[in-house]
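Below is one structure; the comments refer to it alone.
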Amino acid sequence: GKTFCAGADLKDRPDQDIPGDFLEHNRITRETGNAIRECAKPVIAAVNGAALGAGLGLMSACDIFYASENATFGMPEINVGLAGGASMLKTLFGRSTMRRMFYTGVRLTAAELLERSILEKVTSREELVPTAMAVAQDIASKSPLAIKYAKQAMTMVEYMPQRDAYRMEQNYTMALAQT
């Protein structure tokens with residue numbers, strides 16, 4: 001489509017007068033990203049158009065990122081008196097860019113994200129899905145168990161000291177060597 005995900009619909013916000021409505025809305029939003037991040041299989045984002053707010057959060061939950069030339073990325077919450085998404089920005093950007101995006105709502109282009117080595121490739125709109133699908137097919141051609149362990153390792157090493165992470169990876173390698 002024309003838009004990857006423009007984020008939350010501000011006209012359809014939870015009702016503050018209904019107890020638990022905001023908490024339920026936030027839980028659903030949070031767990032949607034967590035479900036992508038924790039998926040046993042690698043997830044590839046093919047971003048066309050805007051990836052804003054929760055949309056950028058959805059992209060950040062994926063494993064590999066591609067975008068079309070017309071893709072834009074931002075956390076515009078500050079422009080409407082809200083704040084959210086810093087934990088997602090942290091997984092993609094360095095300190096200064098993350099803070100500038102969060103404090104100002106500035107949008108970055110696909111070319112800017114490619115320049116920062118966040119995106120794998122920027123393509124035309126027509127080539128976006130075929131490019132992402134080619135990588136998906138390459139991944140799908142690998143051992144399903146090896147991919148499962150690889151995804152677990154990539155997810156876990158982000159949160160572990162290097163020494164412990166490498167030990168865990170070696171355990172996966174030993175387990176796979178027995179198959």
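Note that this is a predicted model, so its numbers are computed, not measured.
- Note: the hydrophobic cluster containing Leu128 also contains Ile44 (ILVMFWY, side chain heavy atoms under 4.5 Å, direct or indirect links).
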Worked verdict on Lys2 versus Arg125 for side chain to side chain contact (heavy atoms under 4.5 Å, CB included): CA-CA 9 Å; Lys2 294 181 182 179; Arg125 182 178 177 197; 4.0 Å; yes
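- Nearest heavy atom pair, residue Leu58 against residue Cys5, reads CD1-SG, 4.0 Å.
- Annotation for Gln170: atom CD counts as buried by contact number, over 12 foreign heavy atoms lying within 6.0 Å.
- Counting Ile, Leu, Val, Met, Phe, Trp and Tyr side chains that sit under 4.5 Å apart, directly or through other members, Leu176 shares a hydrophobic cluster with Leu145, Tyr149, Met156, Val157, Met160, Met168, Tyr172.
- If you take CD1 on Ile147 and NZ on Lys41, they are separated by 11.0 Å, rounding to the nearest 0.5 Å.
- Separating the CD atom in Gln137 from the NZ atom in Lys142 is a distance of 12.0 Å, to the nearest 0.5 Å.
- Formation of a donor-acceptor pair under 3.5 Å by the Thr109 side chain with backbone atoms of Glu112 is found in this model.
- Proximity of Met88 to Met98: side-chain heavy atoms (C-beta onward) are nowhere separated by under 4.5 Å.
- Lys151 NZ: more than 12 foreign heavy atoms inside a 6.0 Å radius.
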Assess the residue pair Met75 and Leu56 against the criterion (side chain to side chain contact (heavy atoms under 4.5 Å, CB included)); give the C-alpha distance rounded to whole Å, side-chain angles, the decisive distance to 0.1 Å, and a yes or no. CA-CA 7 Å; Met75 284 287 180; Leu56 183 53; 4.1 Å; yes
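- Taking each heavy atom of Val47 and Gly49 in turn, the nearest pair found is CG1-O, 4.0 Å.
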Does the side chain to side chain contact (heavy atoms under 4.5 Å, CB included) test come out yes or no for Thr155 and Gln152, once each step is laid out? CA-CA 5 Å; Thr155 300; Gln152 286 176 0; 5.9 Å; no
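- For the pair Met154 and Asp63, the minimum side-chain heavy-atom distance is 4.5 Å or more.
- Atom CD of residue Glu24 and atom CD1 of residue Ile18 lie 12.0 Å apart, to the nearest 0.5 angstrom.
- Val43 and Ile64 fall into different hydrophobic clusters, where Ile, Leu, Val, Met, Phe, Trp and Tyr side chains are chained together by heavy-atom contacts under 4.5 Å.
- Hydrophobic clustering (ILVMFWY, side-chain heavy atoms < 4.5 Å, transitive): Val106 and Leu92 are in one cluster.
- Residues Ser68 and Asn48 approach most closely at OG-OD1, 2.5 Å, considering heavy atoms.
- Atom SG of residue Cys39 and atom CG of residue Asn34 lie 12.5 Å apart, to the nearest 0.5 angstrom.
- By the 4.5 Å heavy-atom criterion applied to side chains, Leu119 and Tyr66 are not counted as neighbours.
- The side-chain heavy atoms of Leu52 and Phe73, taken from C-beta on, include no pair separated by under 4.5 Å.
- The number of heavy-atom neighbours closer than 6.0 Å to CZ of Arg107, taken from other residues, nucleotides and ligands shown, is 12 or below.
- Connectivity analysis of hydrophobic side chains (ILVMFWY, heavy atoms under 4.5 Å, direct or indirect) links Tyr166 to nothing; its cluster partners are none.
- Shortest non-hydrogen contact noted between Ala45 and Met59 is CB-CG, 3.8 Å.
- Glu69 and Ala110 make their closest contact through O-CB, 4.5 Å (heavy atoms, listed as atom of the first residue, atom of the second, distance).
- The CG atom of Leu108 lies 4.5 Å from the CE atom of Met101; values are rounded to the nearest 0.5 Å.
- Summarising the geometry of Gly55 relative to Phe4, their closest heavy-atom pair is O-CE2, 3.5 Å, with the distance given to 0.1 Å.
- Separation of atoms OH (Tyr103) and CD1 (Ile78) is listed at 9.5 Å; rounding is to 0.5 Å.
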